[in-house]
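This report refers to the structure that appears directly beneath it.
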Amino acid sequence: MKKINDIIACKALFFIMAFSIGLWTIRIPTIRDQIQTDYLGIGYIMATFAIGSIIMMLCANYFISKSSSKKIIIYIVIAQWLLWLPVPFIKDLVTFMILAFMFGFCFGLFEICINLKASKIETREGKSMMSGFHAFWSLGVLIGSFFTSIFLQLEISILVNTLIYVIIMLPINLYFAFKLQEDERVSSSDQKNIFFIWPILLLLLAVIAMSNALAEGSVDSWGALYMKDFIQVDGFKVGIATISFNIFMVIGRLYGDRIRDKIGVFNLLSILFFLTILSLLILINFNSVFSSIIGFAILGIGGSSIVPISYSMAGKIKGIDSGVGITIVSVAVYGTFIGAPASLGLLANSFGVNNVFTPTLIIFILLIIPMIIYKKEFKL
């Protein structure tokens, strides 16, 4: 029973933290108007978030060794939800960037702690489970986006929207955080920091995860603006991008572990790469509501298992501490959002918000070459 509770608690924590992402994703146009900024300003906010995340990721293993991932998650839960309270009152870009930096602290530390927990559960159970854990993250974004879209359609203010979420979600979040098992104390001679020559597999996993994060982050950060400004819809339809993407992300992740064990990592990644490239071509070149739903749906399936596979494999490389492997992938993922958001903001201002997907398309096409060259590395 204790083991089952640990698994359920871990999935619930993925879900609830991601639920808050749904609030952010759909309310980006509201926040943009509230602080009177443009695409570039939104890019700056995402960049400061990423910087805060990476700083805490680099310190995560130290904090976990001095305390435990369970205790850290409890503190993060409280801080993250309380940080939402000032959001409706901030009226300038600089103050919002400072708040985004603080959010980054929370999410960076949470990212390492929860994925380390999931990796250890996966190892303990002796089967692929990481994609299933991340399915609950996508489900959280989906449900959070859906309900926030309803609030938006009903013209309920961001203040009321935020208060309702904090009052409901904070206690639930804390309940599941306390249900986690305490960390197992194990001694190991494995590599304990990220500053060493990475094996080729770890390097590839970091780059692949980083590329997929750029695609996934483009939906979370630019999807609502894409729908509002490029597809030119409002109300509930502003959330269609994120909702469509995450419905199919959830489906892909729920079946990802099973498919991975059946056809192998390389074959699964090849399929996911093809679907991602196809979806980005649709989103860049077509501007109807129908094409946006189809494009984001295919992108959801295409991106579904790439990051979970990267975390899962990085946590099992021999001679490297699992926390270090996961940290490297996480830093690569969040490092994408230091320079990328401002660059994509400039791209959107100059060529239209649909073109925020163009760099991701180019990167995925180029990645096919090293994937084929180092195919045998994916048989870990």
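Computation of the quantities below employed the complete heavy-atom set of this structure, encompassing side-chain atoms and omitting hydrogens, waters and symmetry-equivalent molecules.
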Nearest heavy atoms of [X] and [Y], plus distance in Å:
X: Val329; Y: Ala209; value: CG1-CB, 3.7 Å
X: Val238; Y: Val233; value: CG2-O, 3.7 Å
X: Ile208; Y: Ile306; value: CG2-CG2, 3.4 Å
X: Leu225; Y: Pro29; value: CD2-CG, 4.0 Å
X: Val356; Y: Val353; value: CG2-O, 3.0 Å

Under the side chain to side chain donor-acceptor pair (under 3.5 Å) test, which residues partner Ser20, sequence neighbours left out?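 Per chain and number, Ser20 pairs via side chain to side chain donor-acceptor pair (under 3.5 Å) with Gln80.
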What residues, two or more places apart in sequence or in another chain, satisfy side chain to side chain donor-acceptor pair (under 3.5 Å) together with Asn267?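 Asn267: no side chain to side chain donor-acceptor pair (under 3.5 Å) contacts found.
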Under 3.5 Å, side chain of [X] to main-chain N/O of [Y], donor-acceptor pair present?
X: Ser244; Y: Ala241; result: no
X: Lys70; Y: Leu180; result: yes
X: Asn115; Y: Glu111; result: yes
X: Ser312; Y: Pro308; result: no
X: Asn246; Y: Leu139; result: no

Under 4.5 Å between any side-chain heavy atoms of [X] and [Y], yes or no?
X: Ile271; Y: Ile263; result: yes
X: Phe147; Y: Ile143; result: yes
X: Asp92; Y: Ile35; result: no
X: Lys237; Y: Ser149; result: no
X: Leu82; Y: Leu85; result: yes

Tell me whether Ile51 shares a hydrophobic cluster with Tyr44, the cluster being built from Ile, Leu, Val, Met, Phe, Trp, Tyr side chains joined at under 4.5 Å.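 As far as the 4.5 Å side-chain criterion goes, Tyr44 and Ile51 are connected within one cluster.
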Check whether Val219 and Leu283 end up in the same hydrophobic cluster, where Ile, Leu, Val, Met, Phe, Trp and Tyr are linked by side-chain heavy atoms less than 4.5 Å apart.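 Shared cluster, yes.
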Rounded to the nearest 0.5 Å, what's the gap from [atom1] on [X] to [atom2] on [Y]? Could you check?
X: Phe248; Y: Ile293; atom1: CZ; atom2: CD1; result: 9.5 Å
X: Glu122; Y: Met130; atom1: CD; atom2: CE; result: 5.0 Å
X: Leu205; Y: Met210; atom1: CG; atom2: CE; result: 12.0 Å
X: Asp33; Y: Ile158; atom1: CG; atom2: CD1; result: 10.5 Å

Evaluate Leu152 against Thr30 for side chain to side chain contact (heavy atoms under 4.5 Å, CB included), listing each step before the verdict. CA-CA 9 Å; Leu152 196 62; Thr30 305; 4.1 Å; yes
Can you label the angle between the Phe146 ring and the Phe236 ring as parallel, tilted or perpendicular, going by 30° and 60°?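 Correct class here is perpendicular.
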Mutual orientation of the aromatic rings belonging to Phe378 and Phe266 [parallel < 30°, tilted 30-60°, perpendicular > 60°]: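 Tilted, since the angle between the ring planes falls between 30° and 60°.
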Check the pair Arg124 / Asp6 against salt bridge (Lys or Arg N to Asp or Glu O under 4.0 Å), numbers first and verdict last. CA-CA 12 Å; Arg124 184 186 72 200; Asp6 193 41; 3.4 Å; yes
Give the C-alpha distance, both sets of side-chain angles, the deciding distance and a yes or no for ring pair (Phe, Tyr, Trp, His ring centres under 6.0 Å) between Tyr311 and Phe133. CA-CA 11 Å; Tyr311 278 124; Phe133 281 118; over 10 Å; no
Pair Phe176 + Phe15: ring centers closer than 6.0 Å: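 They do not qualify: ring centres at least 6.0 Å apart.
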Step through it carefully: locate the ring centre of Tyr165, locate the ring centre of Phe151, and say whether they are under 6.0 Å apart.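 Judged by ring-centre distance (under 6.0 Å), Tyr165 and Phe151 do meet the cut-off.
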Given Arg27, which partner from the list Thr162, Thr148, Asn161 fulfils the side-chain hydrogen bond (donor to acceptor under 3.5 Å, both in side chains) test?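 Of Thr162, Thr148, Asn161, side-chain hydrogen bond (donor to acceptor under 3.5 Å, both in side chains) with Arg27 is met by Asn161 alone.
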Under 3.5 Å, which donor-acceptor pairs link side chains of residues 362-374 to any protein atom two or more places apart or in another chain?
none

Please list, one pair per line, the donor and acceptor atoms closer than 3.5 Å that link side chains of residues 96-108 to other protein atoms, with sequence neighbours excluded.
none

For Arg253, is there an ion pair with Glu216 - N to carboxylate O distance below 4.0 angstrom?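 Looking at Arg253 together with Glu216, the answer is yes, because their closest N to O distance falls below 4.0 Å.
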Would you mind listing every side chain to side chain donor-acceptor pair (under 3.5 Å) that reaches into residues 287-306, with sequence neighbours excluded?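 Listed by first then second residue: Ser131-Ser305, Ser288-Ser291.
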If hydrophobic residues (ILVMFWY) are linked whenever their side-chain heavy atoms come closer than 4.5 Å, directly or via other members, who joins Ile167 in its cluster?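 Members besides Ile167: none; it forms no cluster.
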Take Tyr226 and Phe296 through the ring pair (Phe, Tyr, Trp, His ring centres under 6.0 Å) test and state the conclusion after the steps. CA-CA 11 Å; Tyr226 176 93; Phe296 284 115; 5.4 Å; yes
CA sep, side-chain torsions, deciding dist, call: Met56, Phe63, side chain to side chain contact (heavy atoms under 4.5 Å, CB included): CA-CA 9 Å; Met56 291 309 292; Phe63 290 130; 3.5 Å; yes
